[in-house]
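No hydrogens, no waters, no symmetry mates; every other heavy atom, side chains included, goes into these values.
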Amino acid sequence: MAAAIDFRDVVVLLGRFPALAGATANVCEGEVVLLRGPNGVGKTTFLRTCAGLNAITSGSAEVLGHDLTADRNNVRRHVGLLGHRTHLYDELTVGDNVRFWASTLGIAESDAMAAADRVGLTGRLLDVEVQRLSAGQRRRTALAVVVARRPRLWLLDEPHAGLDHEGRDNLDELLRQAADAGATIVFASHELDRAESVADRVLEFSGGRIERDDP
Amino acid sequence: MVSATKPEMPVSPRTSARMATSSVGTTVLGWLAFVSLVATAVLGLVVSPRDVVTGDAVRFLYLHVPVIWVAYGAFISCAIASALFLWKGKSRADRGRHLDRVAGASAEVGVVFTALALITGAMWGRITWGVYWQWDARLTMTAMMFVSFLGYLALRRLPTEPSVRSKRAAIAALVSSVNLPLVHFSVDWWRTLHQEASLSVDEAEITGNMYSVLLFSSVAFVLTGIWLVAHRYRVIRLEEIRDDEGLELAIAARRAEAGVD
Amino acid sequence: MIRDALLIARKDLLIEWRSRVTINQVAPLGLLILIVFAFAFDANRNLLTKGAPGLVWVGVLFAGVLTVQRSFTIESADGITDALRLSSISPVAMFLGKAAAVGLQLFVLEIVLVGGAVVFFDSRIGDPVLLIAAAVTGTGGFSAIGCIYGAMSLGVRVRETLLPLLLIPVVAPILLAGTRAFERALDISTQAGWNWVGLLGVMWGVYLAVGTLAFGPLLEDG
Amino acid sequence: MDHAGMIIAGYAIVFATVLGYGAAIVARGRRLARELGLAEGEEPQSGQSREDP
């Protein structure tokens, strides 16, 4: 199977701090991979680097066939990144936000609204300003934007955090559907029981590198 | 210990850098500059005759004119280095860090000399026109240049990633350079419309002796400017080497967190 | 690309409409600047009427710095810069969109300030067409160059102080040309006004060109 | 000399600034070189690598 992510000895600096200090990883297309490890070992940086957001100081990195050391731009359209931050305009409503981000990607409004519906954002909730949302609703809005993108590679940073039980079940269901449809999913989570039941494989992070690669 | 798989830095100044504070070339240049500066002081204050029209005020000529030339030269060098950085930086082996250092060193020297030019200009103006400041196009442009490049230096001092900082700084330098002719032109036009002839400092009649003193002092200040830029460049480079060394240590420490290395 | 630029501009204006920061905070501040000048000049009506064009532009300058600041604070919150980089909007469209939104807000602000000058400083509008033309070209140029520096100060912690230091020297020619054009439009001088509008137009073009080239490299850093 | 005070002050400012600035740069370079363990007055030699400590 083709490699979705192929990292070899990747060093990524955040300012002067080596967040990734020689990470090597291989993820095949269609795989669901869990990133495990305590906070501050480089999981978030790994996900952002895969999305083409971080400059690579040394090593080689390929994502979905794009060489990130040469061009970090072209890969971005094909990934969906859900980070700690939700990428939403506080002053705009849920509907405004979903519609705006969908239209920045050329996604039809009906598709965007279907995605919002899929994560349980319906009715009056669409007309609420994002700054009035609870943390869980906020994350669901962010998730709706990611779902609307229909990414080939999902990069999720602690997607379960801040969601209620129902929301988590919903999310796992969503991930399974996406995986069945052929998408690659890489996610970091502290909810190990839940996450391991979804994942095909676990990458164990430590000290800015991938320490163990458990099937 | 760090293993053999140690990642290679894109630019490792360490390998080519037995770089210290001076070389034979710059030592000679430095002494030449120093001696000629001292000679300039003597020539300007003692040897040069007083001007028939402007009297002793002409002695400011030997300071002000060379100093402003050095300042303009430094900013032109900064602008050219910045443009080359944006244009060619990526394809160069060092990713344009050399050009970035030239730009930074030149800009700082330029700011110092612009400050001196403004101060000497104001003093000279006070003697010849009776006021410190004239809203003349060149003077206004020089003041704006001074402030713009102060901002540029502030931008360079920000604690951001070096590649980000160099790119932003280079763009700022170019925008300021594009803008300066606009300042000059609009002020010039403004003055012309208000029909106040701008007082030029070039009115002093420069004759034989004064001409040679001016020429000599210009050479002295240009040599000094080049020497300052060269040394400032080296300091920037040493700082980068220090930061990169810190980086290698940081990577080793980061890997050691894993405890298995 | 035009579509994308309009999308960005529409979003910025929608945020302004919902939050009303410019109209509720920046515009009153601009008027306050005019009033404070009146205190400084000891309410000397003659002097104030004569100086009104310059004072209006100084007000626009300071309020404009705040508007640019606000426009880029919106984008740096909650990781939005990253999301923009992950979208398929080109940096050029982003630049044009943001400059258009800032320009439109500044234009409204400028009308408010001219109104303030009429009320407080007894200014007379002699040539409304010239006034509007100078306001449009001046604010257009200001917002274009403002957005370049706004993007440059993205993610910078000392943005509040750095942005004015970088921006004010480069907008000096706009201030000068705008003031001259307004002097004619407000019947204070009889000198040509349209040449200054032409100069403002040239500057607008130059800044738009520079921004179009520079915005991509600036955003890429994040 | 007319305006002797102004002229001498001008010369003093210019030379003091230039020399002071130059001295500051040299001092900073020397300090950094010492920190990095580089000998003073050493010329960069391309291609020659410094042994890693």
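Counting heavy-atom neighbours within 6.0 Å of Arg176(A) CZ, excluding the residue itself, gives a total above 12. Phe107(C) CZ: more than 12 foreign heavy atoms inside a 6.0 Å radius. Around atom CZ of Arg20(C), more than 12 heavy atoms belonging to other residues, nucleotides or ligands sit under 6.0 Å away. Atom CZ of Arg3(C) has more than 12 neighbouring heavy atoms from other residues, nucleotides or ligands inside a 6.0 Å radius.
At a threshold of 4.5 Å between non-hydrogen side-chain atoms, the residues Tyr89(A) and Asp12(C) do not count as touching.
To the nearest 0.5 Å, atoms OG (Ser103(A)) and CZ (Arg10(C)) are separated by 7.5 Å. A distance of 4.5 Å separates CG of Asp82(C) from CG of Leu53(A), quoted to the nearest 0.5 Å. Atoms OG and CZ, from Ser88(C) and Arg149(A) in turn, are 8.0 Å apart once rounded to the nearest 0.5 Å. Distance check: Glu91(A) CD to Lys11(C) NZ gives 10.0 Å after rounding to the nearest 0.5 Å. Summarising the geometry, atom OG belonging to Ser87(C) is positioned 6.0 Å from atom CG belonging to Leu105(A); distances are rounded to the nearest 0.5 Å.
Among the candidates Asp96(A), Asn54(A), Asp90(A), Val145(A), the residue making the largest number of heavy-atom pairs closer than 4.5 Å to chain C is Asp96(A).
Side chain of Asp78(C) to backbone of His87(A): a donor-acceptor contact under 3.5 angstrom is found. At distances below 3.5 Å, not a single donor-acceptor pair connects side-chain atoms of Arg77(A) with backbone N or O atoms of Leu86(C).
Of the atoms belonging to Val79(A), it is side-chain heavy atoms, and not backbone ones, that fall under 4.5 Å from chain C. When heavy atoms are compared at a cutoff of 4.5 Å, Arg99(A) does not approach chain C at all.
Minimum interatomic distance between Arg76(A) and Arg85(C) (heavy atoms only, all atoms of both residues): CD-O, 3.1 Å.
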